[in-house]
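For reference, the structure discussed in these notes is given below.
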Amino acid sequence: MRTAPGHLPEGLGPFPAPRLAVGVVTAVFVCIGLIGFVHVLLLPGIGMGGIVLSLGSIVVLMLMQLRWYAHTRRLHSPFGYVVLGAQALLVYLPILIFGQAWAGMPGFLAGSVLLALRHVSAWVAFGLVVASMGGVEWMFTGRPLDVLYAVVSTITTGLVVYGLSRLAALVTEVRENRAEIARMAVLGERLRFARDLHDLLGYSLSAITLKIELVHRLMESSPREAADQLLEVLEISRLALSDARRVASGYREMSLEEECRSAMSVLSAADVTVRLDSDHTDLPVHASTVLATVLREGVTNLLRHSKSKHCEIIIRQNDEHASIEIVNDTTAEGAAPVRAGPGGLHNLSVRAKEIGGTVTVECADNTFRLRARVPLRTARHGARPPRSQPAGVPCDADGVDPVACRELPDDGGEVVPDSAD
């Protein structure tokens with residue numbers, strides 16, 4: 001199924017319900033108007049001028065009701081009150097000419113005041129319209145039963161007009177919301193793809209670049225070690241290919257143990273002294289995936305934005321939570337400037353928050369700390385297991401920006417794009 005960007009697939013539109021609702025509303029209003037017109041035609045001695053006047057008034061009333069009250073969202077504007085006043089003239093003035101035969105038309109005004117006025121004033125005006133028709137009927141016949149009939153008829157017509165006008169507007173609104181939901185679903189899938197590419201391939205491509213540079217240096221001095229590094233490059237490239245396929249399929253799970261081994265290898269190749277202190281058992285998939293993503297992003301950020309020589313990775317687990325802390329030294333020389341803008345590390349907070357976790361960063365005494373803490377049981381926190389969520393489209397080589405030394409703010413699950421270098 002092919003679709004243009006930002007448009008609904010064929011199966012989702014056009015949606016027939018709004019047309020059906022408008023058709024039903026139009027048919028009911030026309031029938032009410034025809035009943036009034038027939039009453040006028042039954043008047044004795046009605047001339048052509050009276051017929052034309054009644055028909056023209058009914059047509060204008062229908063157009064007001066169908067084109068203004070059933071569709072516009074500016075009912076409470078000054079122009080809306082002008083329209084309401086014009087409608088009042090069209091339902092009351094012809095009574096002076098047609099008498100009881102026009103008694104069914106004020107029901108349109110009764111429904112319109114409920115649409116155009118607010119709260120208490122709408123129901124007060126509705127009651128006044130109903131009472132006025134009772135008074136008109138009393139003036140013409142003086143019989144209580146006729147007055148009761150006029151009152152009930154006006155109430156019924158007014159509520160029908162109000163309900164059907166709201167129905168047409170609500171069906172149209174539902175259709176618009178449905179289209180917006182579909183559009184947001186398409187946008188969410190695009191952003192999911194962007195974030196997964198950022199989280200998965202940014203690390204792999206950075207590692208490949210680092211190891212190829214190392215191989216270039218070792219080619220002459222240590223060919224065997226260079227060959228070993230090439231084998232690792234081959235493994236990393238295969239992992240990147242697998243990750244790309246999983247991103248395309250929308251399914252991704254990451255192993256914290258595998259990420260630890262990969263991080264140790266990459267950091268060692270970058271001449272970074274690594275200490276891994278891991279104390280955890282088998283983690284749930286959602287916790288392992290988020291912590292592995294944090295580790296991958298932290299290592300990528302270290303390689304990209306600092307000249308660290310020492311790194312410590314600490315993983316802990318208790319009955320309720322699992323956590324990871326990545327600590328590395330920082331050097332001012334050659335390091336990228338730290339900015340407060342959001343970036344790759346900031347987007348980790350979105351992933352952690354989805355399962356009730358937190359991510360914080362801290363800089364102090366030439367030491368950078370990245371901490372993540374996630375619950376082992378997401379149900380207790382009212383969260384859901386992580387889906388493949390999007391990140392902003394990267395703007396630098398690996399899409400990772402340095403993060404200011406502060407706790408990452410809670411953005412309510414908003415997707416945050418990377419800042420440009």
Side-chain angles (χ1 to χ4, degrees), residues 1 3-36 57-91 104-130 133 151-189 412-414:
M1 180 182 298
T3 61
H7 288 75
L8 293 177
E10 283 184 24
L12 296 180
F15 191 48
R19 292 197 297 269
L20 178 60
V22 171
V24 171
V25 171
T26 302
V28 172
F29 289 175
V30 168
C31 288
I32 295 174
L34 284 177
I35 291 174
S57 299
I58 290 173
V59 169
V60 174
L61 282 173
M62 293 299 102
L63 290 177
M64 285 182 176
Q65 209 67 50
L66 294 172
R67 301 303 300 173
W68 178 258
Y69 290 105
H71 292 286
T72 187
R73 296 180 181 177
R74 296 184 293 114
L75 294 176
H76 305 296
S77 65
F79 183 73
Y81 298 135
V82 172
V83 174
L84 187 63
Q87 190 178 34
L89 294 177
L90 287 173
V91 299
M105 294 299 102
F108 285 104
L109 179 63
S112 297
V113 297
L114 292 179
L115 294 167
L117 301 181
R118 299 179 184 273
H119 309 305
V120 177
S121 60
W123 290 104
V124 170
F126 180 83
L128 291 176
V129 173
V130 172
M133 290 315 300
V151 169
V152 173
S153 176
T154 304
I155 292 175
T156 302
T157 304
L159 294 179
V160 167
V161 169
Y162 170 74
L164 290 180
S165 298
R166 287 291 296 149
L167 172 65
L170 288 175
V171 169
T172 301
E173 184 177 346
V174 167
R175 180 178 185 253
E176 294 174 353
N177 290 340
R178 180 176 180 267
E180 180 66 13
I181 290 172
R183 189 187 71 82
M184 292 301 296
V186 172
L187 179 61
E189 179 62 16
E414 178 184 2

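One is the number of the first residue; the rest follow in order along the sequence.
In this structure the side chain of Met133 never reaches within 4.5 angstrom of the side chain of Val151, judged on heavy atoms. Contact check for Leu115 versus Gln65: side-chain heavy atoms found under the 4.5 Å cut-off.
Atoms CG and CD1, on Leu63 and Ile58 in that order, are 12.0 Å from each other to the nearest 0.5 Å. The OG atom of Ser57 sits 11.0 Å away from atom CE of Met62, with the distance rounded to the nearest 0.5 Å.
Of all heavy-atom pairs between Ala122 and Val113, the closest is CB-O, 3.6 Å. Across Leu84 and Ser112, no two heavy atoms sit closer than the pair CD1-CB, 3.9 Å. The minimum heavy-atom distance between Val91 and Met105, with the atom names listed, is CG1-O, 3.6 Å. Of all the heavy atoms in Leu117 and Ala125, the pair that sits closest is CD1-CB, 3.6 Å.
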Tabulate below the donor-acceptor pairs under 3.5 Å that side-chain atoms of residues 22-36 make, not counting sequence neighbours, or state none.
residue	atom	partner	partner atom	Å
Thr26	OG1	Val22	O	2.7

Identify all side-chain donor-acceptor contacts of residues 152-160 below 3.5 Å with residues at least two apart in sequence or on another chain.
residue	atom	partner	partner atom	Å
Thr154	OG1	Ala150	O	2.8
Thr156	OG1	Val152	O	2.8
Thr157	OG1	Ser153	O	2.9

